[in-house]
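Working notes, beginning with the structure itself.
Just the heavy atoms: all of them, side chains too, but no hydrogens, waters or symmetry mates, feed the values below. We number each residue from 1, following the sequence as shown.
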Amino acid sequence: YSMKISNKSIGNNFQCFIIAEGCDNHMGDLEVAREMSLRAKLSGADAIKFQHHLPDEEMLKNIHLSDNFEEPLYDFLLKNALKIDDHIALKSFCDEIGIIYLCTPFSYKAACELMDLDVPCFKIGSGEMTDIPSLKKIADLGKPMILSTGMSTIEEIKLTYNELKALDVEFALLNCVSEYPPVYEDVNLGFIPKMYDLFPNVVIGHSDHTPDIYTCFGAVTLGAKIIEKHVIIDKRTPGPDQSVSIDFTDLKQLVDGVRKIEASLGAEKIIHDKEKQIREWAFRSVVAVRNIPEGQKITEDDLWTKRPGTGIPSKEMPKIIGCIAKRDIQQNTLLTYSDYEKKN
């Protein structure tokens, strides 16, 4: 199964699609968001993603938040969320520098506003993964969707999967743990292969909230075809996503590592061309460890195996024991098949 986002095909036969999640780490500064987009492009990411918040559409003002938020999220978003004009400018800039612009709408109205930008895909955060009414209306907009599955049970993911499968919409599911940051024991990368069985005919990926890049490598090895990773220009920048973000030096290492892992995931066992020249000297052949006169019966004490591997293969040494030397064989020389004959 595969899907297409802009000019990128994503699925089992294609490269992993790497999303740099800019979230609100720009702290409302459009120039910082532009710089993040440029650095994501230079790091080799396929896409940079931001978030479109309309606070009154997505939450009540006075709700209890987790401990990593120092101020009410509603207040934070009023001050630091990008406006739709900012997103328009960012989309234009990303088109200019050649990186895919993605965005997460946190409400149906936000998704409708993003339609004016011709975004190629909607990313749906874990908090909206079970919001079936909103998901169905966003699906009606006709864009592919990528959904994170943090905080959800398998039964809840199945419900969303079945609802979207009944619609004419392409979508992907991302393994995710909504901890900021998570303990590694909670990441459960082994669920990624199970997702292929539980949710067939969708793209499977991984959204990562660890503060480093190692679990992303593990996810790719286990079959993730999308990686989403939070990024920040300076890890000292305050904000709700600071503790789960990597900088762009780390992002470049992430992209480089993922591409090398992908290149190494073949399942054949053959002797490669570059191995053949090593094999010639590294394998062992049968050698005489002492002088063997012509006509003498060759004993076990006369032979052993040494490099290079260009002579009689060492595995054939037992067949030579008991044969008769046809000529004088010098110590520390490779035996040849013409050096001996079987005893009658």
Side-chain angles (χ1 to χ4, degrees), residues 5-6 19-38 40 45-61 63 65 69 71-97 99-131 133-148 150 169 171-172 174 176 178 207 226 228-232 237 239-242 244-245:
I5 296 178
S6 189
I19 303 170
E21 162 63 296
C23 43
D24 294 305
N25 283 335
H26 46 70
M27 301 299 286
D29 189 326
L30 179 58
E31 291 309 309
V32 172
R34 281 197 178 97
E35 181 66 20
M36 294 173 74
S37 302
L38 179 58
D46 295 293
I48 179 77
K49 189 183 77 65
F50 295 102
Q51 300 176 357
H52 186 30
H53 294 278
L54 301 173
D56 288 313
E57 293 289 325
E58 63 185 81
M59 70 180 69
L60 300 177
K61 293 183 180 180
I63 57 174
L65 299 173
F69 291 94
E71 66 178 316
L73 182 58
Y74 181 93
D75 296 339
F76 174 86
L77 293 176
L78 283 181
K79 290 188 295 184
N80 298 297
L82 297 172
K83 304 299 188 286
I84 190 62
D85 288 344
D86 297 323
H87 288 291
I88 292 170
L90 271 178
K91 170 67 161 53
S92 177
F93 180 72
C94 289
D95 290 345
E96 180 183 332
I97 64 174
I99 189 170
I100 297 171
Y101 168 91
L102 297 179
C103 195
T104 297
F106 281 86
S107 62
Y108 173 64
K109 185 175 179 180
C112 291
E113 289 190 359
L114 289 174
M115 287 294 289
D116 293 336
L117 281 70
D118 193 27
V119 291
C121 173
F122 289 124
K123 168 67 205 303
I124 306 298
S126 293
E128 288 67 49
M129 214 285 300
T130 59
D131 182 10
S134 294
L135 293 181
K136 292 174 76 170
K137 288 182 71 68
I138 292 173
D140 286 342
L141 297 175
K143 300 287 186 180
M145 301 166 71
I146 301 173
L147 296 90
S148 287
V169 59
F171 67 98
L174 305 186
C176 182
S178 297
S207 180
I226 298 173
E228 179 186 57
K229 190 68 179 175
H230 286 59
V231 292
I232 195 167
T237 302
D241 295 299
Q242 178 267 343
V244 301
S245 299

(message) If only side-chain N and O atoms count, and only distance matters, is there a donor-acceptor pair under 3.5 Å linking Asp24 with His53?
(response)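 Yes.
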(request) Would you kindly say whether Glu57 and Ser107 are connected by a side-chain donor-acceptor distance under 3.5 Å? (result)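 The answer is no; no qualifying pair exists.
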Return all side-chain donor-acceptor pairs below 3.5 angstrom for residues 135-144, not counting sequence neighbours, or 'none' if the list is empty.
unit_1, atom_1, unit_2, atom_2, d
Lys143, NZ, Asp118, OD1, 3.0
Lys143, NZ, Val119, O, 2.9

(request) Please name all residues satisfying side chain to side chain donor-acceptor pair (under 3.5 Å) with Asp86, sequence neighbours left out, ordered by chain then number. (result) none
In Å, rounded to the nearest 0.5 Å, how long is the span from [atom1] of [X] to [atom2] of [Y]?
{"X": "Gln51", "Y": "His87", "atom1": "CD", "atom2": "NE2", "value": "8.5 Å"}
{"X": "Met145", "Y": "Phe171", "atom1": "CE", "atom2": "CZ", "value": "8.5 Å"}
{"X": "Leu147", "Y": "Ser207", "atom1": "CG", "atom2": "OG", "value": "11.5 Å"}
{"X": "Met36", "Y": "Ile99", "atom1": "CE", "atom2": "CD1", "value": "11.0 Å"}
{"X": "Lys49", "Y": "Phe122", "atom1": "NZ", "atom2": "CZ", "value": "12.5 Å"}
{"X": "Leu90", "Y": "Asp85", "atom1": "CG", "atom2": "CG", "value": "11.5 Å"}

With a 4.5 Å heavy-atom cut-off, do [X] and [Y] have their side chains touching?
{"X": "Ile226", "Y": "Leu174", "answer": "yes"}
{"X": "Tyr74", "Y": "Asp56", "answer": "yes"}
{"X": "Ile19", "Y": "Ile146", "answer": "yes"}
{"X": "Glu128", "Y": "Phe106", "answer": "yes"}
{"X": "Asp116", "Y": "Ile84", "answer": "no"}

(message) Suppose we screen for salt bridge (charged side-chain N to carboxylate O under 4.0 Å, His left out). Which residues come up paired with Glu35, at least two apart in sequence or across chains?
(response) Arg39
(message) Strictly by salt bridge (charged side-chain N to carboxylate O under 4.0 Å, His left out), give each pair with a member in residues 103-113 just once, sequence neighbours left out.
(response) none
(message) According to ring-ring contact (aromatic ring centres under 6.0 Å, His included), who are the partners of Tyr101, at least two apart in sequence or on a separate chain?
(response)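 Tyr101 satisfies ring-ring contact (aromatic ring centres under 6.0 Å, His included) with no residue once adjacent residues are dropped.
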(request) Would you please name every residue forming a ring-ring contact (aromatic ring centres under 6.0 Å, His included) with Phe50, sequence neighbours left out? (result) His26
(message) Walk me through whether Glu21 and Val231 qualify under side-chain contact (heavy atoms from CB on, under 4.5 Å).
(response) CA-CA 6 Å; Glu21 162 63 296; Val231 292; 5.7 Å; no
(request) Test Ser148 against Lys123 for side-chain hydrogen bond (donor to acceptor under 3.5 Å, both in side chains), laying out the working first. (result) CA-CA 8 Å; Ser148 287; Lys123 168 67 205 303; 2.9 Å; yes
(message) Using only atom types and a distance under 3.5 Å, with no angle test, would you say the side chain of Ser92 pairs donor to acceptor with the backbone of Ile88?
(response)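 No, the answer is negative, given that no donor and acceptor are paired below the 3.5 Å cut-off.
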(message) Let's go through Leu77 and Lys79 carefully: what are the C-alpha distance in whole Å and the side-chain angles of both, what is the deciding distance for side-chain contact (heavy atoms from CB on, under 4.5 Å) to 0.1 Å, and is it a yes or a no?
(response) CA-CA 5 Å; Leu77 293 176; Lys79 290 188 295 184; over 6 Å; no
Which heavy atom in [X] sits nearest to a heavy atom in [Y], and how many Å separate them?
{"X": "Gly150", "Y": "Ser178", "answer": "CA-OG, 3.5 Å"}
{"X": "Phe93", "Y": "Arg34", "answer": "CE2-O, 3.3 Å"}
{"X": "Leu102", "Y": "Ala47", "answer": "CD1-CB, 3.8 Å"}

